[in-house]
Trainee: 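Provided herewith is a single structure, encoded as C-alpha cells, for subsequent inquiry.
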Amino acid sequence: MESYLGVIVIVAVVALLAAGGLFLLLRPRRKAPPVKPPETLPIPEEKEQPPAAGEEREGGATTTLPPPAPPAEPMVVAPPTEVPPPSAGRMVRLRSRLARSQSTLGRGLLELLSRDRLDDEVWDEIEERLITADVGIAPTQVIVEELRTRVKVLGSRTPAEVRALLREQLLAQIDPNLDRTLHVQKHGERPAVVLVVGVNGTGKTTTTGKLARVLVGDGKKVMLGAADTFRAAAADQLQTWGERVGADTVRGPEGADPASVAFDAVAKGMEEHVDTVIVDTAGRLHTKTGLMDELGKVKRVIEKKATVDEVLLVLDATTGQNGMRQAQVFAEVVNITGIALTKLDGTAKGGIVISVQRELGVPVKLVGLGEGPDDLAPFDAEVFVDAILGE
Ligand SMILES: Nc1nc2c(ncn2[C@@H]2O[C@H](COP(=O)(O)OP(=O)(O)OP(=O)(O)O)[C@@H](O)[C@H]2O)c(=O)[nH]1
Ligand SMILES: [Mg+2]
C-alpha cells in the first residue's frame, strides 16, 4: 500500500513538472527584442558616402532620403537657355566700341576748334570733316554756323570750353529729346508686333535675334516670325537665335508667302500670350517694285490680326549716304517708326545718325556695335556724343 502511494506521488510530481515545462515552452515571448522592419533601420554608411548622381539606391532607405534619381536621358542634351543682360546701360557698356570707331572725328574737330586763329580755311576743314563723317550737308552747315557765332562771343577758349561747345552742337543735331522708346509692350491680350525691314545684308536677321535677347533680358516673352522665306537658311539662322533665349520661331516652307508666315507668327504669339512678336523679312532692294509691294502686303496682312507697333528699318552704317535713298522708299511703303543702325563699330561715319534722322524724320532707336549676341543697344544720344569726343 505504501509503495502504491509512493508511485502515485512520483507520477503526480512528474506530471506537474511536464505541465510546467510545456507552459514555459508555449507561453508568448513578450520580452523578446522586437525585430524592426527593414525600412526603419538607419543606414549610416549610406549617409557618410552618398551615392553618385544617377546611381540607384537599393532597399533599406529611411523615409527621410530623397527618391531615387530618374535614369539619365540618353544623348538628348538641350542647351541651357541663356539669360541675356537687360537693355539698361548697354550703350555705356559698349562705349569703347564707339570710341574706337568714332573718336577720330571728335579729336580732329577738337584740335581744329582749339587753334588760336580760326580763319576760313580752318572752318572749311571743320566742315569737310563733318561731311566726311556723313553728318550731311544741311546739318553740317547749321553746326558750323552755330560754332562760328559762339567762338566769336567766347574769344579765347580753354579745351574744356571747346569740348562743351562742340558737345552742345552735336547733341542739338542728334536731338536728345526725340522719343526713342521701342514699342514692344503688349496691349492687353495682344502682343506688340515689330516688323524688321531693309535691303540685303544690312543685319536684319542678326538684329532681330539680338533684339529678342534684349527683350528677354528685360523680362519679356518673345515669338519670332521668319518671314524671309527665300532661303531656308534664313529661318534656321533666326531659329538658332531664338532657341538660345527660349523664344519660339514660326516658319513656313521655303518659298512660302511671307505675309502668311508673318500672320501665323502673330496668331501663335497671341495663342501663347507672348509680349512681343518680331518678324524678320527678306532683304530687298528698294528699286524692285514687286518686292516692295510684297513688304507692304506683309504689313497689311499682320494688321488684320494685330497692330504693327514698330517698323524697324535696319541700315548698315558703313553704306553711308547710299542708304538714304533706300530708307526713303522703305519709309513710303511701310511707314518706318525707328531705325536700327548696324555696324557702327566698323565705320568712322557715325554722322549718319544725324543725317538719317533728319532725312526720314524718324529716330535711331537701336545701334549695332559688333557681331556678338549682346552687341545691340538702345541708342543714347549723350553716350554717343561723349564717345565721339572722348571722356
Ligand atoms: N560688325 C558688325 N557686324 C554686324 C552687325 N550687325 C550685323 N552684322 C553682320 O552683318 C552680316 C549680315 O547680317 P544678317 O543679319 O544676316 O543680315 P540680313 O540683313 O539679315 O541679310 P539678308 O537677310 O541676306 O538680307 C553678318 O555677318 C552679321 O554678323 C554689327 O552691328 N556690327
Ligand atoms: Mg536675313
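Order of appearance sets the numbers: ligands from 1, and atoms from 1 within every ligand. Just so it is clear, the structure is predicted and the values come from calculations on it, not from any experiment.
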Trainee: Please list, chain by chain and in numerical order, all residues satisfying side-chain contact (heavy atoms from CB on, under 4.5 Å) with Gln357, sequence neighbours excluded.
Mentor: Ile174, Leu178, Arg180, Val353, Pro363, Val364

Trainee: Can any side-chain N or O of Asp228 pair as donor or acceptor with the backbone N or O of Phe230 at less than 3.5 Å?
Mentor: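 Checked: pair present.
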
Trainee: Can you find a side-chain donor-acceptor pair between Asp218 and Ser87 that sits under 3.5 Å?
Mentor: yes

Trainee: Spell out the protein N/O/S atoms under 2.8 Å from the Mg ion (ligand 2) as residue plus atom name.
Mentor: Thr205 OG1

Trainee: Strictly under 4.0 angstrom, heavy-atom based: which residues surround ligand 1?
Mentor: Asn200, Gly201, Thr202, Gly203, Lys204, Thr205, Thr206, Lys210, Asp228, Arg231, Gln237, Gly283, Thr342, Lys343, Asp345, Gly368, Leu369, Gly370, Glu371

Trainee: Are there more than 12 heavy atoms of other residues, nucleotides or ligands under 6.0 Å from atom NZ of Lys297?
Mentor: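 No, NZ of Lys297 has 12 or fewer neighbouring heavy atoms, counting only those of other groups under 6.0 Å.
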
Trainee: Please tell me if the side chains of Glu332 and Met292 come closer than 4.5 Å, counting only heavy atoms from C-beta onward.
Mentor: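 Of all side-chain heavy-atom pairs linking Met292 with Glu332, none is under 4.5 Å.
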
Trainee: For atom CD of Glu128, is the number of surrounding heavy atoms from other residues, nucleotides or ligands below 6.0 Å larger than 12?
Mentor: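 Not buried by this count: 12 neighbours or fewer within 6.0 Å.
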
Trainee: Check side-chain contact (heavy atoms from CB on, under 4.5 Å) between Pro85 and all other residues, then give those that pass, not counting sequence neighbours.
Mentor: Arg90, Arg93, Asp374

Trainee: Under 3.5 Å, is there a donor-acceptor pair linking the side chains of Thr307 and Asp309?
Mentor: no

Trainee: Taking atom types as modelled and ignoring hydrogens, do the side chains of Lys220 and Gln185 form a donor-acceptor contact shorter than 3.5 angstrom?
Mentor: yes

